[in-house]
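Take a look at the structure set out below.
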Amino acid sequence: MTLRLFNTLSGQPDPLTPADGKALRMYACGPTVYDYGHIGNFRTFLEIDVLRRFLRLTGVAVRHVMNITDVDDKIIRNAAAAGLPIGEYTARYEQAFFEDLDALRVERPEQIARATEHIPRMVELVERLERAGAAYKTEDGSWYFRLASFPAYGKLSKKDLSGMEDGARVDVDEYEKDSARDFALWKAAKPGETSWDTPIGRGRPGWHIECSAMAMEYLGESFDLHAGGEDLMFPHHENEIAQSETATGKQFARHWMHVHFLLADGRKMSKSEGNFYTLRDLLLKGFKASAIRLALISVPYRHQLNFTFDVLTEATNAIERLRTFHHRLTGTKWPEGASSQMVGMNLSVAEEAETARKKFREALSNDLNTAEARAAIFDLVRSINTKADAGALAQQDIPVILEALQDFDAVFDVIEDRDAEPSRRALEWAEQAGRMDEVAPELLARQALSDEQVEALVAERTQAKKRRDFARADQIRSELADKGIVIEDSKDGVRWKRK
RNA sequence: GCAUCGGUGGCGAAGUGGCUAACGCGCAGGUCUGCAAAACCUGUAUACGCGGGUUCGAUCCCCGCCCGGUGCUCCA
């Protein structure tokens, strides 16, 4: 089942397959590490994670390169303000970025590429463009790409820039450029700024050249897929195409994927709007990392997603349903089931699970329709629960159902509860950063008891119930409830969970 | 202004030229329970922005309009 993924370049869903028949070579624009990432940033990385996980699920090997922009205007400005060398400044935020990815269970790319570690390759590319007559140096020592040398400019974002006559409305001299739209390849060093001494002069790379150089370094001059947020389509990706294809004469990326924006409370996130959230903000509010992950990937990547706390609550509850279901399957002794009736049932359970699996994969094959994929699994959950309630589920049915859940979790990765760790780390961080005042009381309460302490109390309650000391049992129950711990009594024993 | 995406039940969100318009959350009832909770089941809702057109038939295609988002500058 080949994935058909919408290709911005062709304007339609195209099959996505490795050109070399071995591994899918993909490049994804990573973060600029000048601050903590916000959840809008992470939506992009999460959707790319869904892509790579689904490719793997369908047997496609992936070679995924992600850049880290660790030098740019904002970094230089912020590092100077903090009185730190940019390397020290960015290291902190790069580490935070990876911690956040871990919390969200975003897989690491096969290759991380830091801009500052690839300066020579960028310089080479600028030189190559100069030889091709597409790059020129201005008086201050900066280098620009001559847009006029690449007639196909605009093919990705479908912009027709031919109507924009240079010089007509723009004072060319003011820009020191041949054309106002020419973009910087290399920025001349200003006094005191971080810079590199290179054959093309002292300075630092422009943003666009960075990605072109590093993509080619690790993936070759032509590769399968380039991905990023929708805002990068223009001008960043357009510029990458222009400079790369001018330099090599080959198609740069065959396929372009753009993840659409996340809105918060109906608007684009911005600090001034007060709807700006980092992952850490949300963890401190008591939301679980898994809920954030599910919420951000449940809406297909080509739709804008309106992020609200309600969406997180919905995701939290939906995950609870899945986890409870999984626990029920694995934690119950099902009858071995040998009756002819049972045999008939088993067949239908197996069929149902297979159908769910098939629908799940088909939905994701269709331009990563995560909403529909999710629905296929919930259909299965309800149906199996019904059978289980009716006593029509046997032990040998379980594996095939679990396989369907495994497929789901190979991509969604929310069923296994690993939420304690990110929350604990967020708390630690809040302590160090002096932000304990932002911590939700529920989160603190939830952290108050260790698993062992909870187990002990649960055991004590069970004893109390046995001797019909309901007062004590209820006292423990309500004590635990205060700490965000829910007790679930059932025929198969007691289960507890952190709310 | 130009471009682009969207407007589906209380909320989020799929999807389809004709078949009961998914799924999740919420809500209600039931089962279970020492009582609860949790869990599960069932049910729930006059839901396809408005007006034209094409068609035997449109929520789905075309045109116009209204509303909202985003891009056109750094930005995932």
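We name chains A, B, ... by the order of the sequence lines, and we start the count at 1 in each one.
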How would you label the contact of [X] with the nucleic acid (heavy atoms, under 4.0 Å): base, sugar-phosphate, or nothing?
X: A/Arg321; result: sugar-phosphate
X: A/Val259; result: nothing
X: A/Asp379; result: sugar-phosphate
X: A/Asn385; result: sugar-phosphate
X: A/Ile487; result: base
X: A/His38; result: base
X: A/Gly37; result: nothing
X: A/Asn369; result: sugar-phosphate
X: A/Ile377; result: nothing
X: A/Gly40; result: base

Judged by each residue's nearest nucleotide on RNA chain B, which is more toward the 5′ side, A/Arg302 or A/Val381?
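With A/Val381 and A/Arg302 compared, the 5'-side residue is A/Arg302.
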Taking the nucleotide of RNA chain B with the closest heavy atom to each, which residue, A/Ala471 or A/Pro300, is nearer the 5' end?
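Closer to the 5' end of RNA chain B: A/Pro300.
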Think [X] has a side-chain N or O under 4.0 angstrom from the OP1 or OP2 of [N]?
X: A/Arg382; N: B/C23; answer: yes
X: A/His260; N: B/U4; answer: no
X: A/Lys268; N: B/G71; answer: yes
X: A/Asn317; N: B/G26; answer: yes

Nearest-neighbour nucleotide for the A/Phe234 side chain, B/C74, B/C72, B/A13 considered:
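Given the options B/C74, B/C72, B/A13, the side chain of A/Phe234 is closest to B/C72.
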Among B/G34, B/A76, B/U70, which nucleotide sits nearest the side chain of A/Thr32?
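Per side-chain heavy atoms of A/Thr32, the pick is B/A76.
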When the [atom1] atoms of [N] and [M] are considered, how many whole Å apart are they?
N: B/G68; M: B/A22; atom1: P; value: 31 Å
N: B/A14; M: B/C48; atom1: C1'; value: 12 Å
N: B/C2; M: B/U16; atom1: C1'; value: 33 Å
N: B/C5; M: B/C63; atom1: P; value: 12 Å
N: B/A45; M: B/C50; atom1: C1'; value: 23 Å
N: B/U59; M: B/G49; atom1: C1'; value: 11 Å

About how many Å separate CG of A/Leu156 and CZ of A/Phe234, when rounded to the nearest 0.5 Å?
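Result: 10.5 Å between the selected atoms.
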Residue of the set A/Asp367, A/Val50, A/Thr370 for which side chain to side chain contact (heavy atoms under 4.5 Å, CB included) holds with A/Tyr301
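Considering A/Asp367, A/Val50, A/Thr370, a side chain to side chain contact (heavy atoms under 4.5 Å, CB included) with A/Tyr301 is found only for A/Asp367.
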When you compare the ring of A/Phe470 with the six-membered ring of B/G34's base, are the centres less than 5.5 Å apart and the planes under 30° from each other?
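Stacked: centres under 5.5 Å apart, planes under 30°.
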Check this for me: A/Lys359, atom NZ, are more than 12 non-hydrogen atoms of other residues, nucleotides or ligands nearer than 6.0 Å?
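Open: at most 12 neighbouring heavy atoms sit under 6.0 Å from NZ of A/Lys359.
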